[in-house]
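Just so we're on the same page: letters track the sequence lines, and every chain starts at 1.
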2 protein chains.
Amino acid sequence: MKNGGKAAETRKKLLDAGLKLISKRGYLGATTKDIAKKAGVAELTLFRHFSSKEILFREIINSYTFLPALKGLMPEIKNLEYRDAMLLIADRFLGRLYERRDLIRIMQSQMHLYPSKVKDIYQNFIGEIYQTLASYFRELQDGGPLRDFDPEYGARAFLGMFFSFFTVQEIMFRKDAMPLEEGKVKTEFVDIFIRGTVR
Amino acid sequence: MKNGGKAAETRKKLLDAGLKLISKRGYLGATTKDIAKKAGVAELTLFRHFSSKEILFREIINSYTFLPALKGLMPEIKNLEYRDAMLLIADRFLGRLYERRDLIRIMQSQMHLYPSKVKDIYQNFIGEIYQTLASYFRELQDGGPLRDFDPEYGARAFLGMFFSFFTVQEIMFRKDAMPLEEGKVKTEFVDIFIRGTVR
DNA sequence: AAGCAATGTTAGTGCTTACTAACTTTAGCA
DNA sequence: TGCTAAAGTTAGTAAGCACTAACATTGCTT
């Protein structure tokens with residue numbers, strides 16, 4: 001392994017440690033000393049890789065920005081029935097949220113520090129999902145099985161149910177209050193979204 | 001006005017200023033100096049009312065805890081049609097969220113600092129709403145117009161749509177991205193919840 | 001008018017933080 | 001073996017933080 005490879009490895013360790021600590025304690029609560037310790041390097045090494053704490057934070061946000069999560073799913077979905085498609089989308093969406101829970105925690109708690117940056121990320125992630133889902137609805141409305149509701153609002157309603165569930169379960173209380181079972185959440189929410197609640 | 005009245009007034013000003021600043025900058029980001037300044041008093045006065053910053057924070061959380069928001073609505077609701085009832089609930093719920101947006105911001109970002117305290121508050125507020133709504137569903141299922149879904153999950157789905165909408169709109173971006181119109185949100189979300197999305 | 005509770009003013013303490021300087025140690029590669 | 005990039009070690013700085021001491025001032029109540 002080259003020397004450059006070692007530096008890149010250290011850099012990665014610092015980004016990982018920073019992500020976890022900041023998501024846990026907030027930007028101000030996570031000290032450079034602790035981040036370095038968690039990464040297993042000297043504090044000075046942190047500053048050799050990132051000239052300030054703020055730059056480290058920016059790099060964390062950048063490097064962990066997630067790629068589109070749903071777009072690649074669309075071809076696959078068009079061959080499914082409506083209900084199965086929605087179940088799949090719910091599954092992937094929740095999965096993505098779980099994968100990125102640290103980043104989401106940061107977004108929710110550090111929004112005030114870097115509003116524009118975090119906004120960009122949010123729009124990359126959630127915004128793209130909204131659009132994809134809304135256009136899927138549009139197709140199914142045009143001569144398809146769906147009634148005439150506003151697709152944008154529908155996408156927000158659907159994803160909002162799951163996002164809120166995720167927030168309560170994972171961000172606010174770590175599993176120890178108001179537990180709902182994940183599998184049942186998917187089917188119940190999807191059924192409500194499809195059939196509504198009246199007989 | 002008595003002297004005690006003046007002290008109580010100062011105390012209130014400090015609680016108000018603390019709520020706003022902490023909700024904006026976080027617990028660590030809001031300094032006692034700034035809180036006192038915002039309240040229009042000397043920093044020392046803050047410490048004469050609250051012996052430490054942490055105690056000030058606790059008092060803020062305590063004093064702004066909201067009372068049950070939906071329970072009092074139930075008698076009123078039983079005379080309404082299902083759709084009108086759900087619209088009213090949506091309206092009150094969203095209204096309550098707007099009223100308490102500062103506290104909710106704190107809950108979302110400072111959860112990790114005081115998990116048990118904030119958890120209590122959350123359960124007072126949201127938990128009670130869930131229960132109330134779930135039992136309303138139960139009644140309407142028993143020989144009423146509602147089909148047989150799990151009422152707990154239904155309550156979470158319904159309130160989750162609105163909570164998520166509120167979060168995105170008010171907490172994450174202050175109105176400047178992905179705007180949905182509030183009135184339309186209520187009717188679209190309620191209609192989806194009632195009728196679903198298929199024809 | 002006098003007393004007293006509440007607040008202001010000024011100056012400070014000790015601690016922690018982000019960040020730096022100067023020098024040493026390690027480990028891969030020519 | 002010796003060069004070099006990368007990291008370690010130690011010791012520090014300046015600034016900001018929560019919080020305190022000592023004393024002066026305000027204004028309501030009687």
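Rounded to an integer number of Å, the gap from NZ of A:K13 to C1' of D:dA6 is 12 Å. Nucleotide C:dT16 holds its C1' atom 14 Å from the CZ atom of A:R25, rounded to whole Å. At whole-Å resolution of the value, CD in B:E54 and P in D:dC19 are 9 Å apart. D:dC19 atom C1' lies 12 Å from atom NZ of B:K53, rounded to whole Å. One atom, CD of B:E9, and another, P of C:dA6, lie 13 Å apart when rounded to the nearest Å. Regarding B:K33, its NZ atom lies at a distance of 11 Å from the C1' atom of D:dA15, rounded to whole Å.
Counting all heavy atoms, side chain and backbone alike, A:G154 lies closest to A:F137 at C-CE1, 3.8 Å. Between A:L46 and A:T32, the closest heavy-atom pair is CD1-O, 3.6 Å.
In this structure, the ring of B:F162 has its center no less than 6.0 angstrom from the ring center of B:F166. Residues B:F189 and B:F193 keep their aromatic ring centres 6.0 Å or farther apart.
Within residues 36-50 of chain A, the residues approaching DNA chain C are A:E43, A:L44, A:F47, by heavy-atom distance under 4.0 Å. Listed by residue number, there are no residues of residues 14-21 of chain A with a heavy-atom contact under 4.0 Å to DNA chain D.
The number of heavy-atom neighbours closer than 6.0 Å to NZ of A:K12, taken from other residues, nucleotides and ligands shown, is 12 or below. In the displayed structure, B:K38 atom NZ is contacted under 6.0 Å by more than 12 heavy atoms of other residues, nucleotides or ligands.
Side-chain atoms of B:I104 and B:E170, non-hydrogen and from C-beta on, never get closer than 4.5 Å to each other. At least one side-chain heavy atom of A:K78 sits under 4.5 Å from a side-chain heavy atom of A:E139.
Between A:F163 and A:F93, the two ring planes are tilted [angle within 30° to 60°].
Between A:R156 and B:E188, none of the side-chain N atoms (NZ, or NE/NH1/NH2) sits under 4.0 Å from a carboxylate O, so this pair counts as no salt bridge.
Over its full length, the helix from C:dA1-D:dT30 to C:dA30-D:dT1 turns its helical axis through 10°, comparing axes from the five pairs at each end and rounding to 10°.
Side chain of B:T31, nearest nucleotide from D:dA7, C:dA6, D:dC17: D:dC17.
Between the side chains of A:S135 and A:Q131, no donor-acceptor pair of N or O atoms lies under 3.5 Å.
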